Amino acid sequence: MKDTLQPGIRYEHKFIVPISKTVPALYPESAEFVAMPEVFATGFLVGLLEWACIKAINPHIDWPDEQTVGTHIDVSHVAATPPGLEVTATVELIAVDGRKLVFAVEAHDGVDLISKGRHERFVINRERFTAKLGEKMRDNSFQR
């Protein structure tokens, strides 16, 4: 981590919602999801907020050797967004506690505030993380 990884880092990320990021596309194996309206899915919204946080801090860590993983998400999703609208995710790093990072996050679709909350990420060493994951897979006879 670099000395510049400090609270106050802000980032804005824009994304035009395609049909592939709507509820029916979230789990196409689910008849329930497939039957639902084509609006921006909460699962993809969470991913967009994570993406914005990653983009915000990557210049402040030793990317790609250091990366971050999401460890907690607490956000609302209070307005539906149809495909074609541009969503703006705005994130701000509000706390750094060792390798734990806390963000204030929100998203707006140009018409409504669609999401607001907090997200936590943890800085990892990619090589050590991958090695530990490999151990977990071996220890549990994980098979694809």
Side-chain angles (χ1 to χ4, degrees), residues 1-83 85-109 113-144:
M1 299 184 311
K2 299 176 183 175
D3 291 340
T4 58
L5 184 62
Q6 298 290 327
I9 295 170
R10 293 179 54 85
Y11 191 80
E12 187 176 277
H13 189 68
K14 295 181 181 289
F15 182 75
I16 297 173
V17 177
I19 289 177
S20 64
K21 298 298 184 250
T22 61
V23 177
L26 187 59
Y27 277 99
E29 304 85 356
S30 164
E32 294 82 3
F33 279 145
V34 170
M36 294 180 76
E38 287 185 334
V39 294
F40 194 32
T42 303
F44 290 125
L45 169 63
V46 166
L48 179 65
L49 293 169
E50 287 194 279
W51 187 10
C53 291
I54 291 166
K55 297 284 280 181
I57 59 160
N58 271 4
H60 306 280
I61 61 175
D62 294 321
W63 174 267
D65 295 332
E66 287 182 323
Q67 297 181 7
T68 60
V69 293
T71 56
H72 186 84
I73 188 91
D74 183 10
V75 295
S76 62
H77 190 179
V78 296
T81 302
L85 289 188
E86 182 176 69
V87 173
T88 301
T90 304
V91 303
E92 180 179 356
L93 181 61
I94 59 173
V96 178
D97 182 11
R99 294 186 293 149
K100 177 181 164 184
L101 311 176
V102 181
F103 294 85
V105 298
E106 69 177 48
H108 198 285
D109 67 10
L113 177 71
I114 63 170
S115 181
K116 190 170 188 169
R118 285 187 174 218
H119 176 47
E120 294 178 8
R121 300 190 69 75
F122 199 81
V123 179
I124 61 159
N125 173 282
R126 172 62 193 259
E127 187 176 314
R128 284 195 304 261
F129 186 88
T130 301
K132 197 169 186 176
L133 188 59
E135 289 173 20
K136 185 175 185 177
M137 291 171 61
R138 279 189 305 278
D139 291 349
N140 289 288
S141 300
F142 181 76
Q143 301 203 10
R144 291 181 192 232

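Every value quoted in this text rests on a predicted model; they were computed, and no experiment measured them. Count residues from 1 along the sequence.
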Worksheet entry | Student check: side-chain heavy atoms of Ile19 and Glu38 closer than 4.5 Å | yes
Worksheet item: Is the closest side-chain heavy-atom distance between Glu66 and Arg126 below 4.5 Å?
Response: no
Worksheet item: What do the steps show when you test His72 against Arg121 for side-chain contact (heavy atoms from CB on, under 4.5 Å), and what is the final call?
Response: CA-CA 7 Å; His72 186 84; Arg121 300 190 69 75; over 6 Å; no
Worksheet item: Which distance, rounded to the nearest 0.5 Å, do you find between the CZ of Arg118 and the CG of Leu49?
Response: 14.5 Å
Item to complete: Find out whether the Lys NZ or Arg CZ of Lys21 is both under 6.0 angstrom from the six-membered ring centre of Phe44 and within 45° of the ring's axis.
Response: yes
Worksheet item: In a check of side-chain contact (heavy atoms from CB on, under 4.5 Å) between Glu120 and each of Ile73, Thr71, Val69, which one passes?
Response: Thr71
Fill in: Interatomic spacing from CG in Asp109 to CG in Leu85 - rounded to 0.5 Å
5.5 Å
Worksheet item: Hey, which of Val23, Thr22, Val17 is the one that makes side-chain contact (heavy atoms from CB on, under 4.5 Å) with Val39?
Response: Val23
Fill in: Closest approach of Pro37 to Pro24 (non-hydrogen atoms, all atoms of both residues)
O-CD, 3.5 Å
Item to complete: Test Val78 against Ile114 for side-chain contact (heavy atoms from CB on, under 4.5 Å), laying out the working first.
Response: CA-CA 5 Å; Val78 296; Ile114 63 170; 5.5 Å; no
Worksheet item: Checking side-chain hydrogen bond (donor to acceptor under 3.5 Å, both in side chains) for the pair Thr4/His60: CA distance, chi angles, key distance, verdict?
Response: CA-CA 6 Å; Thr4 58; His60 306 280; 2.7 Å; yes
Fill in: Residues, nucleotides or ligands: over 12 heavy atoms within 6.0 Å of Leu133 CG
yes
Worksheet, complete the sentence: Heavy atoms of Tyr11 and Ala52 approach each other most closely as CD2-O, 3.6 Å
Please table the atom pairs, donor to acceptor, closer than 3.5 Å between any side-chain atom in residues 88-105 and protein atoms at least two apart or in another chain.
residue : atom : partner : partner atom : Å
Thr88   : OG1  : Lys14   : NZ           : 3.1
Glu92   : OE1  : Arg10   : NH1          : 3.2
Arg99   : NH1  : Val123  : O            : 3.2

Item to complete: Measure the spacing between CG of Asn58 and OG1 of Thr68 and express it to the nearest 0.5 Å.
Response: 6.5 Å
Discussion item. Any donor-acceptor pair under 3.5 Å linking the side-chain atoms of Thr42 with those of His77?
Written reply: yes
Worksheet item: Less than 4.5 Å apart, any side-chain heavy atom of Lys2 and any of Asp62?
Response: yes
Worksheet item: Can you check side-chain contact (heavy atoms from CB on, under 4.5 Å) on Lys132 and Phe129, steps first, answer last?
Response: CA-CA 5 Å; Lys132 197 169 186 176; Phe129 186 88; 5.9 Å; no
Practice prompt. Could you tell me the separation between the NZ atom of Lys116 and the CG atom of Asp74, rounded to the nearest 0.5 Å?
Written response: 13.0 Å
Discussion item. Show the nearest heavy-atom pair for residues Ala80 and Pro82, with the distance to one decimal.
Written reply: O-CD, 4.0 Å
Worksheet entry | Pairwise distance CZ(Phe40) to CG(Leu26) - rounded to 0.5 angstrom | 10.5 Å
Fill in: Residues that His13 engages under side-chain hydrogen bond (donor to acceptor under 3.5 Å, both in side chains), provided they are two or more places apart
none
Fill in: Over all atoms of both residues, closest heavy-atom pair of Ser20 and Ala25
O-CB, 3.3 Å
